[in-house]
Amino acid sequence: MNPLKIGLFGFGCVGQGLYDILESTKTFPAEVVKICVKNANKPRPLPLSHFTWDSAEILDNPEINLVVELIDNADEAYAIVTEAMRRGKNVVTANKKMVAEHLAELVELQQEMGVSFLYEAAVCGSIPIIRNLEEYYDNELLYSVRGIFNGSTNFILTKMYNEGAAYATVLAEAQQLGFAESDPTLDVGGFDPRFKLTIATAHAYGLFLRPDEILALGIQQISAQDIRFAREKGWKIKLVAQVSKLGDDQIAAYLMPQFVAPADPLHKVDEEYNGVVVEAAFSSKQFFYGKGAGGHPTGSAVLSDISATTYGYRYGYKKRDRINGVQLTQDVVLEVYLRYTHESVLNHLKFNHIRERYYGDGLNYVIGSINLQELIRNKARLAESGASVIALG
Ligand SMILES: NC(=O)c1ccc[n+]([C@@H]2O[C@H](COP(=O)([O-])OP(=O)(O)OC[C@H]3O[C@@H](n4cnc5c(N)ncnc54)[C@H](OP(=O)(O)O)[C@@H]3O)[C@@H](O)[C@H]2O)c1
């Protein structure tokens, strides 16, 4: 086995978490040769001789055989990762946006260069879902993968549920506690979990989608009224990413708030935790639960990938070669709750069937079945009007 010589990009939350882990797992033969960071003036917890501000110091160094990319900018990450692979270096990354937006091309580059390109930490932090979908569920007939893929939004929804507080109040608190970014759009708008769902779909079904092919409704519209409604039914509201098999050759993928009943394993996934339920023909239902973020939990997934490069592991994307025409469909009927203020919203949305209506006390809602395509067509209208759409699980 070649000794591992690591060039680390990024020394923020995950980079430092990984460094700590490598320091405390001395049995693992790896040396961080150099750490490349961005800001020259930032104080560092290690001697400055460990750092560089010039990516070439890592990329040009033939001694470095593994690049671990943990920076917070997807475009810069893409440039680093592709250059590292072109130079014959293995790559481990946690950058879901970069992976989701360029997956097909990155896989091709990995194959062309004969290197490993691994990204377990990009989806649900410490939960080993990618390698399981790729290897363990290699031949299983998967019915669905659904889960809570974003810790910040789950933290906000849990607080709204426990305290009956308004979305804006809880968001501000989550930002103060560091559970939400100062610009929270990627999380609360559902973009971050959509990147993760895009990646999970590639490993669950072999279908490489563009993130924007998947409808993502975030949690910005969830109100205290919606939470009260859920409570009265004994449910919680969770932001759920879901991909399911429909028949032999179609899958449906979407991300939206869902009502989750106590019997659903996702019901007990609270605070910043993540959870994934995998349902398959023979193994039946299996539930993965763990920390989806944080330096050490995410660093642990990065370490697992680093270790996998030492035995030449690569994702095989075997399902991609076997999919035989499996396609994404948006022609799927969902049971949803729609809370709205302006009647015009309801008039624009063509429900297949409305089975419950409520008007009064400043709360208007309907429950009924609607085609996913209708939600996609009306996404902007729904957002502008402040209406909330929540799927019934
Ligand atoms: N945080 C989590 O819990 C978590 C969980 C799963 C996945 N991830 C993913 O892990 C990655 C890192 O996240 P993070 O939370 O650790 O970010 P972070 O705390 O914001 O740290 C980012 C680091 O990247 C460095 N950096 C930025 N641009 C750079 C460049 N062009 N060249 C070299 N270094 C650069 C920064 O340098 P300075 O130190 O000089 O500012 C900083 O050290 C992201 O892709 C994120 O999506 C994070």
Side-chain angles (χ1 to χ4, degrees), residues 1-10 14-15 18 22 28-37 52 54-123 128 130-131 133-135 138 195-196 198-203 206-211 299 301-323:
M1 186 183 89
N2 291 333
L4 262 188
K5 301 277 186 182
I6 298 175
L8 175 61
F9 282 86
V14 185
L18 173 70
L22 288 171
F28 186 68
E31 181 199 345
V32 177
V33 176
K34 229 12 150 198
I35 306 168
C36 181
V37 285
T52 177
D54 176 7
S55 59
E57 251 196 77
I58 289 179
L59 296 171
D60 290 349
N61 183 344
E63 183 200 22
I64 290 176
N65 48 19
L66 171 64
V67 162
V68 178
E69 181 286 301
L70 301 172
I71 73 168
D72 55 350
N73 179 306
D75 296 334
E76 289 166 11
Y78 171 78
I80 291 164
V81 159
T82 48
E83 194 51 35
M85 283 202 269
R86 282 196 194 100
R87 310 242 181 147
K89 298 181 196 303
N90 293 324
V91 170
V92 171
T93 178
N95 198 314
K96 52 244 157 185
K97 183 170 192 283
M98 188 259 305
V99 175
E101 286 178 342
H102 300 281
L103 187 57
E105 179 196 340
L106 293 168
V107 171
E108 209 167 290
L109 187 58
Q110 149 182 271
Q111 276 155 357
E112 187 188 326
M113 299 311 302
V115 294
S116 297
F117 172 62
L118 302 176
Y119 41 81
E120 184 65 69
V123 182
I130 295 303
R131 208 135 12 119
L133 289 173
E134 183 65 36
E135 306 297 348
D138 181 12
F195 294 136
K196 296 167 180 169
T198 307
I199 300 169
T201 300
H203 292 275
L207 200 59
F208 285 35
L209 301 173
R210 286 192 328 271
V302 176
L303 177 70
S304 179
D305 278 353
I306 292 175
S307 170
T309 66
T310 64
Y311 50 87
Y313 178 75
R314 283 181 216 160
Y315 303 125
Y317 304 98
K318 294 173 284 253
K319 294 174 199 169
R320 193 188 192 191
D321 302 329
R322 284 191 224 131
I323 52 176

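Taking CG of Asn73 as the reference point, atom CD1 of Ile71 lies at 5.5 Å (rounded to 0.5 Å). Expressed to the nearest 0.5 Å, how far CD of Glu57 lies from CD1 of Ile64 amounts to 8.5 Å. In this structure, Met85 CE and Gln111 CD are separated by 10.5 Å, a value rounded to the nearest 0.5 Å. Once rounded to the nearest 0.5 Å, the distance linking NZ of Lys97 with NZ of Lys196 reads 14.0 Å. To the nearest 0.5 Å, atom CG of residue Leu109 and atom NE2 of residue His102 are 12.0 Å apart. With values rounded to the nearest 0.5 angstrom, Leu66 atom CG is found 9.0 Å from Leu118 atom CG.
For the pair Thr93/Leu70, no side-chain contact is recorded, criterion being any heavy-atom separation below 4.5 Å from C-beta on. In this structure, the side chains of Lys96 and Ile199 come closer than 4.5 Å at one or more pairs of heavy atoms. Within the 4.5 Å cutoff, the side chain of Val99 has no heavy atoms near those of the Phe195 side chain. With contacts defined as side-chain heavy-atom distances shorter than 4.5 Å, the pair Lys89/Thr309 does not qualify. In this structure, the side chains of Val67 and Asn90 stay at 4.5 Å or more apart for every pair of heavy atoms. Between Thr198 and Arg210, the closest side-chain pair of non-hydrogen atoms is not below 4.5 Å. Counting heavy atoms from C-beta on, the side chains of Phe9 and Val81 never come closer than 4.5 Å.
A donor-acceptor pair is defined here as one N or O able to donate and one able to accept, closer than 3.5 Å; such a pair exists between the side chain of Tyr315 and the backbone of Tyr119. Here the side chain of Asp305 pairs a donor or acceptor atom with the backbone of Glu120 at under 3.5 angstrom. Without hydrogens or angle criteria, Thr82 side chain to Tyr78 main chain gives a donor-acceptor distance under 3.5 Å. A distance-only check finds no donor-acceptor pair linking the side chain of Arg314 to the backbone of Gln110 [under 3.5 Å]. Side-chain atoms of Asn65 come within 3.5 Å of backbone atoms of Lys5 as a donor-acceptor pair (strictly under, hydrogens ignored).
Residues Ser304 and Arg131 bring a donor and an acceptor atom of their side chains to less than 3.5 Å of each other. With no hydrogens or angles considered, a side-chain donor-acceptor pair links Tyr313 and Glu135 at under 3.5 Å.
Counting all heavy atoms, side chain and backbone alike, Pro211 lies closest to Glu101 at CG-CG, 4.2 Å. When all heavy atoms are compared, the tightest approach of Glu83 to Leu59 is CG-CD1, 3.9 Å. Taking each heavy atom of Leu22 and Ala30 in turn, the nearest pair found is CD2-CB, 4.5 Å. Across all their heavy atoms, Ile130 and Ala200 have their closest contact at CD1-CA, 4.1 Å. The two atoms that bring Lys319 and Leu133 nearest to each other are NZ-O, 2.7 Å, heavy atoms only. The two residues Val302 and Val92 make their nearest non-hydrogen contact at CG1-CG1, 3.8 Å.
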- Query: Can you check side chain to side chain contact (heavy atoms under 4.5 Å, CB included) on Leu4 and Ile306, steps first, answer last?
  - Reply: CA-CA 9 Å; Leu4 262 188; Ile306 292 175; 3.4 Å; yes
- Task: Begin with the C-alpha distance, continue with both residues' side-chain angles, and end with the deciding distance and a verdict on side chain to side chain contact (heavy atoms under 4.5 Å, CB included) for Val107 and Glu105.
- Result: CA-CA 5 Å; Val107 171; Glu105 179 196 340; over 6 Å; no
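The neighbour count for Glu108 CD, taken as heavy atoms of other residues, nucleotides or ligands under 6.0 Å away, does not exceed 12.
The aromatic ring centroids of Phe208 and Tyr317 lie less than 6.0 Å from each other.
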